[in-house]
Amino acid sequence: MSTTTVELPARRLREQPPARGRAARWRRRLVGWAFVAPAVALFLLMGAYTIASGFLLSFAKWNGFTPTWRWVGLGNYADLLYADPSLAADLRRAAGNTAQVMVAVPLLTVAVSLPLAVMLNSITRLRAVLRSVYFLPYVTSGIAVYYAWRYVLAPDGAINLLLGSLGLGSLRQPQGFLGNPDTALPTLIVVLVWSSVPVATLLYLSGLQAIDRGIVEAARIDGAGSWHVLRRIVWPLLRPITAAIVLLGVRDALHGFQIFLIATNGGPGGHTDVLGLMAYRLAFMKGLAPSLGHASALGWLLFAGAVLLTLANARLLRRVQ
């Protein structure tokens, strides 16, 4: 009797038509697609469509108002690289400034953030408070910080006043640190380093805390000093983090232009013009001139450069790991 009672429901389940199970599976799938459909539609509209139209625009002349584009093929790229003397000269100058930022900002960020991380890692009291203090520049709104720096670096700003009060009047800049062609770009590099040090310091600090203390203690027992421990043990273990910090700095140098727009707008005399700012001006600051194609072409050149640098960084990471 019990055997019949147990086998009967199982037999009934086996005899149910498979169409009902397929319908239930399709209903579950439709419910899932209904939830993700808005996000997919938004991506297709704002992502895929924008990327495709931007790529096509790089082969055309358009000012953003006329109903049709005028196709020029690779003419926009040729104008940027060599065909248009004015655009090519601006591109070379902006590329040179961008290269300086790409090299100086990551190197200075590593040189400042690693000692800070080592110092924070060695402190046992108030570590959380100090870590929060060093992280404040990053969580502060970038636009507000850049405006504040512009006022500080002005001819009558705080830095000139401080130098005068300390008896260092010879170091003052009557034009302001951002108005002197010799100091404008180095000053902005310092500001960029100041804003990128917090994240780099926290990355290094997390890497230092992940290092096995036994390795460091064994080296100290063998007679290694603090400098040798840092150079021979800690630094090799932190190379992947260093590569990531360098890649972040290079990315910001290629695509970031907010500080250059707010602080100097590329001046004085183009000494702080960078590729990202040049693309912005070509897209939005040329009035009715058909320069959107040039801006799009420059954007794709920046994208290609970013891809190449990313591949080089990935290869470097595989080598150091």
*Flag yes if Val191 and Val103 sit in one hydrophobic cluster, no otherwise; membership is Ile, Leu, Val, Met, Phe, Trp, Tyr, and two members link when side-chain heavy atoms are under 4.5 Å apart.*
no
*State, to 0.1 Å, how close Phe177 and Leu163 come at their nearest heavy-atom pair, and which atoms those are.*
CZ-CD1, 3.9 Å
*Between Met119 and Leu116, is any pair of side-chain heavy atoms under 4.5 Å apart?*
yes
*Working to the nearest 0.5 Å, report the span between CZ of Phe43 and OH of Tyr49.*
15.0 Å
*What residues form a salt bridge (charged side-chain N to carboxylate O under 4.0 Å, His left out) with Asp252, not counting sequence neighbours?*
none
*Can you see which heavy atom on Thr98 is nearest to which on Ala253, and at what distance?*
CG2-O, 3.5 Å
*Between Pro106 and Val101, which heavy-atom pair has the shortest distance, and what is it?*
CD-O, 3.6 Å
*same_hphob_cluster(Phe303, Leu298) at 4.5 Å side-chain heavy-atom cutoff*: yes
*Look only at the side chain of Ser206 and the backbone of Leu203, and say whether a donor-acceptor pair between them is shorter than 3.5 Å.*
yes
*Heavy-atom closest pair, residues Tyr77 and Ser58*: OH-OG, 3.0 Å
_Between Arg27 and Leu30, does the side-chain contact (heavy atoms from CB on, under 4.5 Å) criterion hold? Intermediate values first, please._
CA-CA 5 Å; Arg27 281 196 299 270; Leu30 289 177; 5.6 Å; no
*Supply the atom-to-atom distance Leu277 CG to Thr272 OG1, rounded to the nearest 0.5 angstrom.*
7.5 Å
_If we ignore hydrogens and angles and just use 3.5 Å, is the side chain of Asn97 paired with the main-chain N or O of Asp273 as donor and acceptor?_
yes
*Nearest 0.5 Å, what's the CG-CD distance between Asp182 and Gln175?*
9.0 Å
*For the atom pair OG1 (Thr66) and CG (Leu288), what is the distance rounded to the nearest 0.5 Å?*
9.5 Å
*Indicate yes or no: at least one non-hydrogen side-chain atom of Leu202 is less than 4.5 angstrom from one of Val199.*
no
*With distance as the sole test, does Thr187 use its side chain to make a donor-acceptor pair with the main-chain N or O of Leu178 at under 3.5 Å?*
no
*Around atom CZ of Phe59, are there more than 12 heavy atoms of other residues, nucleotides or ligands at under 6.0 Å?*
yes
*Is there a donor-acceptor pair closer than 3.5 Å between any side-chain N or O of Asn76 and the backbone N or O of Ala60?*
yes
*Tell me, do Asn63 and Leu292 make a side-chain contact under 4.5 Å, heavy atoms counted?*
no
*May I ask whether Leu153 and Leu108 are part of the same hydrophobic cluster, defined by side-chain heavy atoms of I, L, V, M, F, W, Y residues being less than 4.5 angstrom apart, directly or through others?*
yes
*Tell me, please, whether Trp235 has Arg231 positioned over its six-membered ring: NZ or CZ under 6.0 Å from the ring centre and within 45 degrees of its axis?*
no
*Got Trp149 and Leu188 here, is their nearest side-chain heavy-atom distance under 4.5 Å?*
no
*asked:* Main chain of Leu205, side chain of Asn121: is a donor-acceptor contact present, judged purely on distance under 3.5 Å?
replied: no
*Evaluate side-chain contact (heavy atoms from CB on, under 4.5 Å) for Tyr280 paired with Met285, printing each intermediate quantity in order.*
CA-CA 7 Å; Tyr280 173 81; Met285 306 299 291; 4.1 Å; yes
*Identify whether Leu56 and Leu45 are in the same connected component of the hydrophobic contact network (ILVMFWY, side-chain heavy atoms under 4.5 Å).*
no
*Could you grab the distance from atom CG of Leu80 to atom CG of Leu74, nearest 0.5 Å is fine?*
11.5 Å
*Heavy-atom side-chain contact between Tyr146 and Gln258 under 4.5 Å*: yes
*Where is the tightest heavy-atom contact between Leu185 and Phe260, given as atom of each residue plus distance?*
CD1-CE2, 4.1 Å
_Any heavy-atom pair between the side chains of Met102 and Leu309 that's under 4.5 Å?_
yes
*How many angstroms lie between CZ in Arg172 and CG in Leu166, if you round to the nearest 0.5 Å?*
11.0 Å
*asked:* Using every non-hydrogen atom in the two residues, find where Asn160 and Pro155 come nearest and quote the distance to one decimal.
replied: ND2-O, 2.9 Å
_For Ser113 and Thr201: C-alpha separation, side-chain torsions, deciding distance, then whether side-chain hydrogen bond (donor to acceptor under 3.5 Å, both in side chains) applies._
CA-CA 5 Å; Ser113 58; Thr201 301; 4.7 Å; no
*Is there side-chain contact between Val118 and Tyr204, with heavy atoms separated by less than 4.5 Å?*
no
*asked:* Taking salt bridge (charged side-chain N to carboxylate O under 4.0 Å, His left out) as the definition, give me every residue that meets it alongside Arg150, ordered by chain and number, with sequence neighbours left out.
replied: none
*Given the rule in the side-chain contact (heavy atoms from CB on, under 4.5 Å) test, do Met278 and Leu87 qualify, once you have shown the distances and angles that lead to the verdict?*
CA-CA 10 Å; Met278 181 179 175; Leu87 280 178; 4.2 Å; yes
*So if you build clusters from Ile, Leu, Val, Met, Phe, Trp, Tyr with side-chain heavy-atom gaps below 4.5 Å, do Tyr147 and Ile259 land together?*
yes
*Could you go step by step and tell me if Lys61 and His294 meet the side-chain hydrogen bond (donor to acceptor under 3.5 Å, both in side chains) rule?*
CA-CA 8 Å; Lys61 297 282 189 182; His294 289 126; 3.0 Å; yes
*Could you check if a side-chain atom of Leu275 sits within less than 4.5 angstrom of a side-chain atom of Leu91, using non-hydrogen atoms only?*
yes
